[in-house]
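Because only heavy atoms are used, hydrogens play no part in the values below, and waters and symmetry mates are left out as well, while side chains stay in. Throughout, a chain's letter reflects where its sequence line sits, starting with A, and its residues are numbered from 1. Keep in mind that what you see is a predicted model, and the values were worked out from it rather than measured.
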Number of protein chains: 2
Amino acid sequence: MPDQLVAKFRELGPVSAEMEAKIREEAFTEEYKAGKIILHQGEVCRKICLVTKGLTRSYYINDGKEVTSRFMGEGFIVTSWISYYTQKPTAEIIETLEDTTLICLHEPVIQKMYQDFPASNIIGREQVEYAFFLSEKRTQLLRGLTAGERFSTFADENPTLLTRVSMKHIASYLGMTEETLSRVRSKMYRPKNGIANS
Amino acid sequence: MPDQLVAKFRELGPVSAEMEAKIREEAFTEEYKAGKIILHQGEVCRKICLVTKGLTRSYYINDGKEVTSRFMGEGFIVTSWISYYTQKPTAEIIETLEDTTLICLHEPVIQKMYQDFPASNIIGREQVEYAFFLSEKRTQLLRGLTAGERFSTFADENPTLLTRVSMKHIASYLGMTEETLSRVRSKMYRPKNGIANS
DNA sequence: TAATACTCTTGACATCTGTCAAGACGAATG
DNA sequence: CATTCGTCTTGACAGATGTCAAGAGTATTA
C-alpha cells in the first residue's frame with residue numbers, strides 16, 4: 001500500500017532506502033465513503049495524505065455560504081496547507097465527494113523525517129511549490145475574468161471534474177452562485193446570436 | 001551587504017558556515033529607482049531577491065487591465081513564484097514603487113545549494129510555505145467579501161501600505177476599480193446613517 | 001508662474017451577478 | 001408505485017460594481 005506514497009515522493013526528489021523503510025513503517029491507510037468529512041472545522045491538520053482513489057474537496061464557510069478552495073483527486077496530496085503550516089485550527093473543511101482511499105503520514109513523523117533525512121526537505125519543498133503554483137493559477141483564474149470566462153477556463157483545464165463534481169460545487173469553486181453558473185452554461189452551449197432563429 | 005540575506009535565511013532554518021560563505025560569495029546587490037521594472041513580461045525569472053529597502057509590486061495584465069498580485073516591502077522575497085518554479089516566461093511583471101535595494105541570488109546558485117547543502121531545502125520550503133500561506137490568505141480575502149469588506153480587511157492588516165501605495169494599485173490588488181474603491185472609502189469615513197443630518 | 005500630468009473623487013448609467021421563488025427532472029427510498 | 005430528496009434550470013427583480021465622463025486638487029516640470 002505505501003508503494004504509491006513512496007512513488008509519489010520519488011517523483012519529487014530522491015528517497016533513500018532508509019527513508020523508504022521509515023515511510024513504509026509509518027504510513028497508514030484511511031478509507032472513507034462519499035460525503036464524509038476528513039478534516040472538521042476547528043481541527044488542527046496533523047497529517048498529510050495522498051489520494052489513491054476517489055475525490056475530495058476543501059472548502060470554508062463564509063457568511064453562511066460554502067466557498068470551495070480545491071478539488072483533490074487521485075495522485076494529489078490532501079491537506080489544509082494553512083492549518084498544516086501554522087499548526088492552528090483550520091477554517092478549511094475537507095470532505096470526500098466519492099468513496100476515497102488515502103495513504104497518510106502524521107505531521108510529527110514528517111517533521112522527524114525532515115530532521116533525520118535532510119534530503120527529504122527537497123520533496124517537501126517541491127510539493128509545497130507545486131501546491132502553491134496551483135493556488136496562484138486559480139487565483140489568477142478568479143481575478144479579472146467574468147463568470148463565463150472563469151467557467152470555460154475551468155472546463156478546458158479540468159474536463160474530468162466536470163462530470164465528477166456537482167455544478168453547485170464548481171460554482172462555489174469559481175466564485176459564483178449555482179444559478180449564475182447554470183445561466184452561463186446554457187448561454188455557452190447555445191448559438192451566440194439570433195441568426196439561428198428563423 | 002549579504003548580512004541581511006543570511007539573517008533572513010537564519011530565520012527560516014539552519015545555515016552552516018560553509019553555506020554562509022557560499023551566500024556571501026554569490027549574493028549581489030541591485031538598486032532601482034522608483035517606477036522601474038525588475039521583471040519584464042515574457043522574461044524567465046532566474047533569481048530570488050530580498051528587499052532591503054523600498055517597495056515593489058507584482059502584477060499581470062488581464063484584458064488590458066493591470067491586476068496586482070502582491071506588494072513586497074522590506075524583508076520580503078521578490079520573485080515571480082510561478083515563473084521561478086516552472087522556469088518559463090512570466091506573465092507576472094514586477095516593478096518598484098519606491099527607490100529599492102535588493103540582495104539577490106541567481107537560480108542556478110540556489111539549485112546548487114539545494115544539492116550541496118540539503119538542509120537548505122528547509123529554508124526553501126519554509127519560504128515557499130510562507131508565500132503560499134500569504135497567497136491563500138489573500139485568496140480567501142478576495143472571495144465572498146464585498147468591495148467594502150475587502151478594503152477594510154486590507155486596511156486593518158496593512159496600515160503601512162495605505163500610505164505608501166496609490167489607491168489605483170490597492171484597488172487592482174483588491175479586485176475592484178479605482179472608482180469603486182474611492183466610493184467605498186468615502187462611505188467608510190462618513191457616518192453610517194442619516195442621524196447626524198439634523 | 002504657467003503648463004502639464006497624475007491622483008483621487010463624483011455623477012449618471014449600464015451591466016453583471018446575487019437573491020428569492022418556482023418548477024422540471026432524475027435518483028434514491030420506503 | 002408513490003414519495004422524497006437533490007440537482008439543475010428558469011424567471012423576475014434588486015443591488016453591487018464597472019464604465020464613461022468630467023472635475024478638483026496636488027505635485028512636477030519647463
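- A salt bridge links B/Arg125 with B/Glu129: the distance from a Lys NZ or Arg NE/NH1/NH2 to an Asp or Glu carboxylate oxygen falls below 4.0 Å.
- For the residue pair B/Ser83 / B/Thr90, no side-chain donor-acceptor distance below 3.5 Å is found, with atom types taken as modelled.
- We find that CD of B/Glu178 is positioned 12 Å from C1' of C/dT10, with the value rounded to whole Å.
- Between A/Ile170 atom CD1 and D/dC8 atom C1' there is a gap of 12 Å when expressed in whole angstrom units.
- Using a 4.0 Å cutoff on non-hydrogen atoms, no part of residues 156-166 of chain B comes near DNA chain D.
- Distance CG (A/Leu97) to C1' (D/dG6): 15 Å, rounded to an integer number of Å.
- Between the NE2 atom of B/His169 and the C1' atom of C/dC6 there is a distance of 12 Å, given to the nearest Å.
- Of the possible polar contacts, one joining the A/Thr96 side chain to the A/Gly35 backbone as a donor-acceptor pair under 3.5 Å is found.
- When all heavy atoms of A/Asp3 and A/Arg24 are compared, the closest pair comes out as OD1-NH1, 2.8 Å.
- Remark: B/Glu18 does not engage B/Lys22 in a salt bridge, criterion side-chain N to carboxylate O under 4.0 Å.
- In the helix from C/dT1-D/dA30 to C/dG30-D/dC1, the terminal helix axes, each the rotation mapping four pairs' C1' atoms onto the next four within five end pairs, subtend 40°, rounded to 10°.
- At least one donor-acceptor pair under 3.5 Å links the side chain of A/Arg164 to the backbone N or O of A/Gly54.
- Across the protein-nucleic acid pair, A/Lys187 atom NZ and D/dC8 atom P stand 19 Å apart, rounded to whole Å.
- The shortest heavy-atom contact between A/Lys47 and A/Thr79 is O-OG1, 3.2 Å.
- Taking each heavy atom of B/Phe71 and B/His169 in turn, the nearest pair found is CZ-O, 3.8 Å.
- Using the six-membered ring where Trp is involved, B/Trp81 and B/Tyr84 have ring planes that are perpendicular, over 60° apart on the 30 and 60° scheme.
- The CE atom of B/Met188 sits 14 Å away from the P atom of D/dA16 (whole-angstrom rounding).
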**OP:** Quick one, give me the B/S/- string for nucleotides 14-19 of chain C, reading 5' to 3', where B means a protein heavy atom under 4.0 Å from the base and S means that only happens at the primed atoms, P, OP1 or OP2.
**Re:** ---SSB

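- Between the side chain of B/Asn121 and the backbone N or O of B/Pro118 there is at least one donor-acceptor pair closer than 3.5 Å.
- Ion pairing between B/Lys168 and B/Glu66 fails under the 4.0 Å rule for side-chain N and carboxylate O.
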